[in-house]
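Atom set for the values below is all heavy atoms of this structure, side chains included, hydrogens, waters and symmetry mates excluded. Naming convention: chains lettered A, B, ... in sequence-line order (proteins, then strands); numbering from 1 in each chain.
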2 protein chains.
Amino acid sequence: MKRINTTHFAILGLLRIKPMSAYELVKFSKESIGLFWNESYGHIHKSIKQLEAEGSVSVVEEAETGRRKIVYGITGQGCDQLDAWLAQKPEESVMRNELLMKIFVSEERHIPQLVAFLEEELEASRQYAAILAGIKGSVPGGESKQAQLWLLTLDYGERYLRMTIEWCQHALETLNQPHRGRTND
Amino acid sequence: MKRINTTHFAILGLLRIKPMSAYELVKFSKESIGLFWNESYGHIHKSIKQLEAEGSVSVVEEAETGRRKIVYGITGQGCDQLDAWLAQKPEESVMRNELLMKIFVSEERHIPQLVAFLEEELEASRQYAAILAGIKGSVPGGESKQAQLWLLTLDYGERYLRMTIEWCQHALETLNQPHRGRTND
DNA sequence: CGTAGCATGTAAGTTGTTACATGATTCG
DNA sequence: CGAATCATGTAACAACTTACATGCTACG
């Protein structure tokens with residue numbers, strides 16, 4: 001069975017929201033779904049070209065003068081493909097969390113390092129959470145169903161970060177306990 | 001800058017816990033860190049061979065008679081490599097969640113499908129959470145620091161699943177509201 | 001005028017998955 | 001005996017990342 005390229009569908013999906021250039025696509029995807037969907041520029045670029053050759057996206061607007069800019073839009077065919085993909089049961093989510101991996105394979109002597117990493121993770125998560133809180137107010141569409149869907153993904157991000165923050169705090173408390181709670185205080 | 005193969009270090013880390021065959025390695029990794037660390041058998045297999053050629057792991061035990069079985073262990077060199085990797089700041093975690101992606105790019109007409117997917121996700125998360133709860137009791141090592149680290153990763157899993165379950169419930173409530181709360185009840 | 005950000009593009013390489021082939025053992 | 005699980009292995013290929021090259025524009 002041929003594996004399906006999920007990046008293709010991600011691009012199709014984002015272009016259905018609004019036509020964009022490759023560069024804008026990367027930026028938009030980072031800002032909107034970056035927390036739970038990773039893509040690299042090189043791959044997006046290649047995929048757009050493939051999708052264009054296939055007739056699933058097309059050039060909507062091209063600035064020849066001055067700064068180059070090629071805006072792509074989704075075609076009717078692309079829309080159909082996207083809908084067919086949306087109807088399929090989503091694959092199990094894939095995750096690669098190095099911090100967790102490191103914790104799992106660490107030994108007692110590595111704990112001071114882990115504590116430093118956990119502190120960084122905690123700080124980074126707090127910052128990210130602050131950014132998301134800012135975005136929340138600016139979601140367009142008001143009460144539309146569409147806006148509801150976006151808010152749902154944003155809400156996931158908030159919950160995910162809150163969970164991460166709480167877990168980091170718990171981990172730091174656990175690892176900072178000198179021995180086993182039976183200290184002489 | 002040469003990209004570093006994180007799979008290599010994952011294997012090294014797991015083999016430091018105990019020597020294992022490739023098959024056992026895959027099983028063990030799925031059962032212990034599978035929630036936040038994905039690997040495929042083919043890749044693990046190839047990586048073990050590379051690590052062996054490199055001298056970072058070695059064959060500890062080989063059953064020639066009857067059922068084949070090749071048990072690998074970490075070498076001193078492998079241990080040093082692993083420690084050097086552990087000392088490096090972990091990369092940002094990578095995630096690819098198709099369900100979230102689909103929600104983000106869906107339109108109002110796709111909502112019934114999304115509801116079905118969310119129900120499946122909710123059920124799957126509940127089942128996984130039940131499995132983790134079972135594992136929790138059987139973590140060996142009692143009060144050792146080592147056991148504490150494992151419990152921390154297990155705790156992450158539990159929090160992650162709890163978060164997912166709550167979010168699914170919230171999403172289902174939101175999407176099952178007929179219109180906008182101003183229904184005639 | 002230099003730096004940062006906007007913008008497109010490619011080549012080379014690595015990483016990771018799937019599907020398959022093989023065969024032993026255990027258990028109903 | 002047939003199915004499930006244990007167990008190793010490979011080839012083909014798809015997915016993905018990185019580093020680089022290029023050049024415009026705005027701003028301080």
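Distance, B:E39 CD to C:dT14 C1': 14 Å, rounded to whole Å. A straight line from CD of A:E91 to P of C:dT17 spans 12 Å, rounded to a whole angstrom. Rounded to an integer number of Å, the gap from NZ of A:K30 to P of C:dA7 is 14 Å. We find that CD of B:E52 is positioned 13 Å from C1' of D:dG9, with the value rounded to whole Å.
Relative ring orientation between B:F104 and A:F28 is described as tilted, the plane-to-plane angle lying within the 30° to 60° band.
Using a 4.0 Å cut-off between a side-chain N of Lys or Arg and a carboxylate O of Asp or Glu, B:E24 and B:K69 qualify as a salt bridge. Checked for salt-bridge contact, A:D83 and A:R16 meet the test: a charged N lies under 4.0 Å from a carboxylate O.
At least one side-chain heavy atom of A:H110 sits less than 4.5 Å from a side-chain heavy atom of A:Q113. No side-chain heavy atom of B:L99 sits less than 4.5 Å from a side-chain heavy atom of A:S93.
Contact annotation: B:T7 does not reach the phosphate of C:dT15 (side-chain N/O to OP1 or OP2, under 4.0 Å). OP1 or OP2 of C:dT8 has not a single side-chain nitrogen or oxygen of A:K49 nearer than 4.0 Å. Listed pair B:H43 / C:dT15 fails the phosphate criterion, with no side-chain N or O lying under 4.0 Å from OP1 or OP2. Taking only side-chain nitrogens and oxygens, A:R96 comes nearer than 4.0 Å to OP1 or OP2 of C:dG16. In this structure, B:N5 reaches the C:dG16 phosphate: one of its side-chain N or O atoms is under 4.0 Å from OP1 or OP2.
For the pair A:K102 and B:W85, the cation-pi test (distance below 6.0 Å, angle within 45°) is passed.
Under a 3.5 Å cut-off, the side chain of B:E98 and the backbone N or O of A:E91 do form a donor-acceptor pair.
The side chain of A:S40 lies closest to D:dT17 when the candidates are C:dT8, D:dT17, C:dT17. When each of D:dA7, C:dG9, D:dC16 is scored by its nearest atom to the side-chain atoms of A:Y41, the top-ranked nucleotide is C:dG9.
When heavy atoms are screened at a 4.0 angstrom cut-off, A:T6 is found touching no nucleic acid atom at all.
Non-hydrogen atoms lying under 4.0 Å from DNA chain C are contributed by A:S21, A:A22, A:Y23, all within residues 8-26 of chain A.
Comparing A:Y72 and A:K46 along DNA chain C, the residue whose closest nucleotide (by nearest heavy atom) sits nearer the 5' end is A:Y72. Toward the 5' end of DNA chain D, the nearer of the two residues A:G42 and B:G42, judged by each one's closest nucleotide, is B:G42.
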